[in-house]
2 protein chains.
Amino acid sequence: MLTKKELEEFCENARENYLAHISIDCVVFGFHEGLMKVLVLELKNGGEWYLPGGFLLKKEPIEEAANRILKERTGLDEIFLQQFHVFGDPERSKEHFDAYKDMVPAKDNWFTNRFLTIGYYALVDFCETNPAADQFSALCSWCDLNDLPELKLDHALILKTALDTLRLQLNYQPIGYNLMPKQFTMPELQKLYETILDKKLDRRNFQRRMLGFGILNRSEQPRKGGAHKAPYLYSFDLENYEAALKEGFKGGW
Amino acid sequence: MLTKKELEEFCENARENYLAHISIDCVVFGFHEGLMKVLVLELKNGGEWYLPGGFLLKKEPIEEAANRILKERTGLDEIFLQQFHVFGDPERSKEHFDAYKDMVPAKDNWFTNRFLTIGYYALVDFCETNPAADQFSALCSWCDLNDLPELKLDHALILKTALDTLRLQLNYQPIGYNLMPKQFTMPELQKLYETILDKKLDRRNFQRRMLGFGILNRSEQPRKGGAHKAPYLYSFDLENYEAALKEGFKGGW
DNA sequence: TTACAATTGTGTCAATAAGACACTAAGATT
DNA sequence: AATCTTAGTGTCTTATTGACACAATTGTAA
């Protein structure tokens, strides 16, 4: 929650620069040590967790706004972003409304407005990100998908919807280029799929299917130094990957 | 295009009742005599075609607004509706902006606002609809998908995106309950799929697959009176159909 | 009334994809 | 050297898909 002074400053700035009634919330997925991670913010006064989000500048394209917001939070540019749903329940920001309605007169108060929020999900390389808090947050950090704090507003619903969409997408599009490092082993890639789907997959069938898509290049040299048998290193074949993204893997009909 | 008087009245009403910056546009699909149909509006002055759309009342849920708008245009309630994308290019309503900017002072002028539009697509039973024009339209009517007039603003893009989404959905969800009459024959249902996909399907394989989904009931009595061999009549098994909608047909993994 | 065209219902076969499963190879640990 | 762990590869079986042929029913034309 903001202090009165913070709120007044923010409201003035917001009314001048942002489009009213619209916000953007992002579900940023990362993958690290076999766990699915989500980027969350904790407000300064503590105990209130949110998805990273922001507002749309008056003349800014939506996608650009989502990129801008994510660049501020992750340090990354040109992120894989996908708009997946608009959340518009008239009561969805009631918590903010109640918290701020007495601090600033309604006509000046950004937060007594109704907001529709456009949900984007992003897939990013965990190791490349530098989570950075925004002006009102104490903390911006990765949380395990299975061990999240309670999220305020309807952000738990937004997260769940994003995850459902991602799982569906796995069926007809390649995924992973944005979540894996440049080079990776087949078992590492399998772990990503298992984590997203929350389901064990057969090692051999996974490899057969994955290679069948034709979007992977195998490097000559296996990874060395680790314990156990040295695994081959793979990278994505960008050209085929992009093509598969566009055309999708086999439609049923 | 509106007259100055119409515009002034509309703007006053709109500012009072509608949420600024947001609109809703609907792609209403119907199916008749083997052709895919889309509902379009022609403005009174003629020559300008649009998808049916409208605005969001200040306290109205989005889905309810889409339903309200469609009930006004089609006479139908409880339509199958699916939100599929938000279109937010800052220049998307430039045509309106230019047309109306000089008629009413900017601060009062609804159409000099930037608008994001939420796209919904609807599937309806062609024979049950009664297309009705709105206050600014001369005509609300069905057009063949393959023989559409040029649509204003970004409505051609909205339509294309809706169609792409519908085609994708065909792969993991049942469809047809909302587009077919209560009873129908297998060849008629096949024609629906062929029309949506714009592709011929094998009669026998289609039947096998369709029946495999377990969402159809076959009536005892075949349809009589027509020429040629009497086909069986089918209807959807609502319970299984709803279940299939929720769970989806077989995901790849 | 008979042959024919059009349409529908049903079944089979082959190719492909998916699922289950076992063995071999390489490196680290004891 | 024996063993543990992880990785690479192949085979068999079953399910799904795609291609295709034939029989049945009804109206129409000879």
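Keep in mind it's a predicted model, so treat the numbers as computed, not measured. Residue numbers start from 1 in every chain, and the chains themselves are labelled A, B, ... in the order their sequence lines are given, proteins ahead of strands.
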To the nearest angstrom, the CD-P distance between A/Gln207 and D/dT6 comes to 17 Å

How close or far is atom C1' of C/dT7 from atom CD of B/Gln190, stated in whole angstroms?
-> 12 Å

Starting at atom CE of A/Met210, determine the distance to atom C1' of D/dG8, rounded to an integer number of angstrom.
-> 17 Å

So does A/His228 reach the base of D/dT5 with its side chain, donor to acceptor, closer than 3.5 Å?
-> yes

Indicate yes or no: does A/Lys199 engage A/Glu194 in a salt bridge with an N to O separation below 4.0 Å.
-> no

Does any donor-acceptor pair link the side chain of A/Arg203 with the base of D/dG8 at a separation under 3.5 Å?
-> yes

In whole angstrom, give the distance that lies between atom CG of B/Leu211 and atom P of D/dT16.
-> 15 Å

Could you state the atom-to-atom distance from CZ of A/Phe206 to C1' of C/dA17 in whole Å?
-> 17 Å

Rounded off to whole Å, could you give me the OH-to-C1' distance for the B/Tyr232 and D/dT26 pair?
-> 15 Å

So A/Phe126 and A/Trp142, would you call those rings parallel, tilted or perpendicular, with 30° and 60° as cut-offs?
-> tilted

Select from A/Asn205 and A/Lys229 the residue whose nearest nucleotide in DNA chain C is closer to the 5' end of that strand.
-> A/Asn205

Looking at A/Arg208, does any N or O in its side chain come under 4.0 Å of the phosphate oxygens OP1/OP2 on C/dA20?
-> no

Check the angle between the aromatic planes of B/Phe80 and B/Tyr121 and answer parallel, tilted or perpendicular using the 30° and 60° thresholds.
-> tilted

Rounded to whole Å, the CG-P distance (A/Asp202 to D/dA7) equals 14 Å

Kindly assign one of parallel, tilted or perpendicular to the pair A/Phe236 and A/Phe184, based on the angle between their ring planes and the thresholds 30° and 60°.
-> tilted

Checking only heavy atoms, does the side chain of B/Arg204 share a donor-acceptor pair with the base of D/dA21 at less than 3.5 Å?
-> yes

A/Lys200 NZ to C/dG19 C1', in whole Å, measures 17 Å

